[in-house]
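Here is the structure we will look at, set down as C-alpha cells.
In what follows, every heavy atom counts, from backbone to side chain, and hydrogens, waters and symmetry copies are set aside. Just so we're on the same page: letters track the sequence lines, and every chain starts at 1. Model, not experiment: these values are computed from the prediction.
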Amino acid sequence: MQSFDPVISINSGQFFLWEKRNESWYGTYGSRIIKLKTIDGSPEFTSFPEFKTFEKKIFRLDDDIKAIFAELTRDPLVHTLIKKYPGLRLMRQEPEQCLFSFLCASNTNIPMIRRMLYNLTRRLGAPMSVDGMEFFTFPTAAEISKATTEQLRSCSLGYRAKAIKEVAQNIAEGTLNLESLRRIEYREAKSQLLQVRGIGNKIADCVLLFSLEKLDAFPIDVWISRALSQHYSWLLDRPLGNALTPRQYDSLSERMRLHFGRYAGYAQQYLYYDIRQRAGKKW
DNA sequence: GTACAGGCAGTAT
DNA sequence: ATACTGCCTGTA
C-alpha cells in the first residue's frame, strides 16, 4: 500500500487552518503552529513549540492502516476510492479547535469557514513568530467565552457568534468536557454533545470522528448525502430529500455505520473527498 | 436582484 | 414526527 500524502490530506477539507507560504505549509493546531516542508518529495515536519513527531498524531500514523483498509475494502466503491486516492488519510484534530471549526461551518462554504477561523485566530489567538513570520494560535474556549458577541461577529461569524460564545462558556465552566468524551463509546459521547445548545447531529459527529477517536462516527453533510444518493440508493428505503430531519439523520447514519463497520468514519472521508473532487471543488 | 453555500433551534402543524 | 422559518456574509 502506498504511503500517505500530507498535502492531499490537509487540502481535503477536513482541516481548515492551513496556509502555504514560501513553499511550506503552516497550520494552526490549538496552541501550536505546525509546519510541513516537502524536500525532494519527502515531507519534513516541525512544530512550535516543539511537539515530538506530531505528524504521527495528526495524520493518524499510529492507526493500523492495513487493518482499516482490510475492513473498508469489503465495500467495492470504497475499495476503488482507496486505490484512486492512495495519499488520503483521516486527520486527527485538536478537539476545541475542531468543535469551533464546525460551529462556523453551518450554512456556508469552505473559503468562508477559513476566513472566520483565520479572523478568530488573529483577534483572539496569540501571535507566534515562526521562520521570521507571524502566525496566530487558536484561542482557547475561555478566551472565546470572554469575547463579546460583537467582537465575535466582527470575525464574520454572523448569527453563529451567539452559539459559539455559548458553547465556549459551557467549556470554560466545565459543563462540557471534551476530553472526557474520548474514553466513552460513540453513542454515549454523542448524546452528551447533543445536550449542548448549538451542537446538532452533524457537528457532534464531526467532532467525534475528527478529534475524539470515534472512527465509527459517520457524519452526514450535504456532500455525503449526495454521495449516498448516487452510490448507495440500494441501501436506502427512500430517496433522500433536501434536508434530513434529526430522526432521518440518525437512522441513515446508523445504517451506514452498520454497513461500513468500526471504521465507517474513515470510509466517509473517501466518499467526501471523491464527490468534491468530481464536483471540481478545490476547497 | 436573488439563489445558494459542509446546520441549528424554535415554533407550528 | 415532520415541515417551515430565520439567521450572517459573500459570491455567482
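- Between A:Phe59 and A:Ser9 there is a side-chain heavy-atom pair separated by less than 4.5 Å.
- In this structure, A:Asn201 atom CG and C:dT2 atom P are separated by 13 Å, rounded to whole Å.
- Between C:dT2 and A:Thr245, a contact under 4.0 Å exists linking OP1 or OP2 to a side-chain N or O.
- Between the OH atom of A:Tyr272 and the P atom of B:dG6 there is a distance of 7 Å, given to the nearest Å.
- In the set C:dC8, C:dG10, B:dG7, the nucleotide with an atom closest to the side chain of A:Arg153 is C:dC8.
- Which of B:dG7, C:dA1, B:dG6 sits closest to the side chain of A:Phe102 comes down to B:dG6.
- Close to B:dA5, at under 4.0 Å from its OP1 or OP2, lies a side-chain N or O of A:Arg226.
- Atom CE in A:Met116 sits roughly 10 Å away from atom C1' in C:dG10 (whole-Å rounding).
- Whole-Å rounding puts the A:Ile199 CD1 to B:dC8 P distance at 9 Å.
- Side-chain atoms of A:Arg74 come within 3.5 Å of backbone atoms of A:Glu71 as a donor-acceptor pair (strictly under, hydrogens ignored).
- Contact annotation for A:Arg160: base contact, defined as any heavy-atom pair under 4.0 Å involving a base atom.
- A:Ile224 comes within 4.0 angstrom of nothing in the nucleic acid, heavy atoms only.
- The nearest whole Å value for the distance from the CG atom in A:Asn107 to the C1' atom in C:dT11 is 14 Å.
- Backbone-only contact: A:Ile203 has heavy atoms under 4.0 Å from sugar-phosphate atoms and none from a base.
- Using N1 to N3 plus N6-O4 or O6-N4 for Watson-Crick, or N1-O2 and O6-N3 for G-U wobble, each under 3.5 Å, B:dG7 pairs with C:dC7.
- The distance from the CG atom of A:Leu124 to the OG1 atom of A:Thr140 is 9.0 Å, given to the nearest 0.5 Å.
- Across C:dT5 and B:dG6, the matching P atoms stand 22 Å from one another, rounded to whole Å.
- Ring orientation note: the planes of A:Tyr232 and A:His259 are nearly perpendicular, at an angle over 60° on the 30°/60° scale.
- At a cut-off of 3.5 angstrom, counting only N and O atoms as typed in the model, there is no donor on one side facing an acceptor on the other between the side-chain of A:Tyr159 and the base of C:dG6.
- With distances taken from any side-chain atom of A:Arg197 to the nucleotides C:dT2, C:dG10, B:dA9, the minimum falls on B:dA9.
- Atom C1' of nucleotide C:dC8 and atom CG of A:Leu157 are separated by 9 Å, given to the nearest angstrom.
- In this structure, A:Ala105 and A:Val196 both approach DNA chain B, and ranking their closest nucleotides by distance from the 5' end singles out A:Ala105.
- One can place CD1 of A:Ile113 at 15 Å from P of C:dT11, the figure rounded to the nearest angstrom.
- Ring-plane geometry between A:Tyr85 and A:Tyr273 is classed as perpendicular, the angle between the planes exceeding 60 degrees on a 0 to 90 degree scale with a lower cut at 30.
- B:dG7 atom P lies 10 Å from atom CG of A:Asn109, rounded to whole Å.
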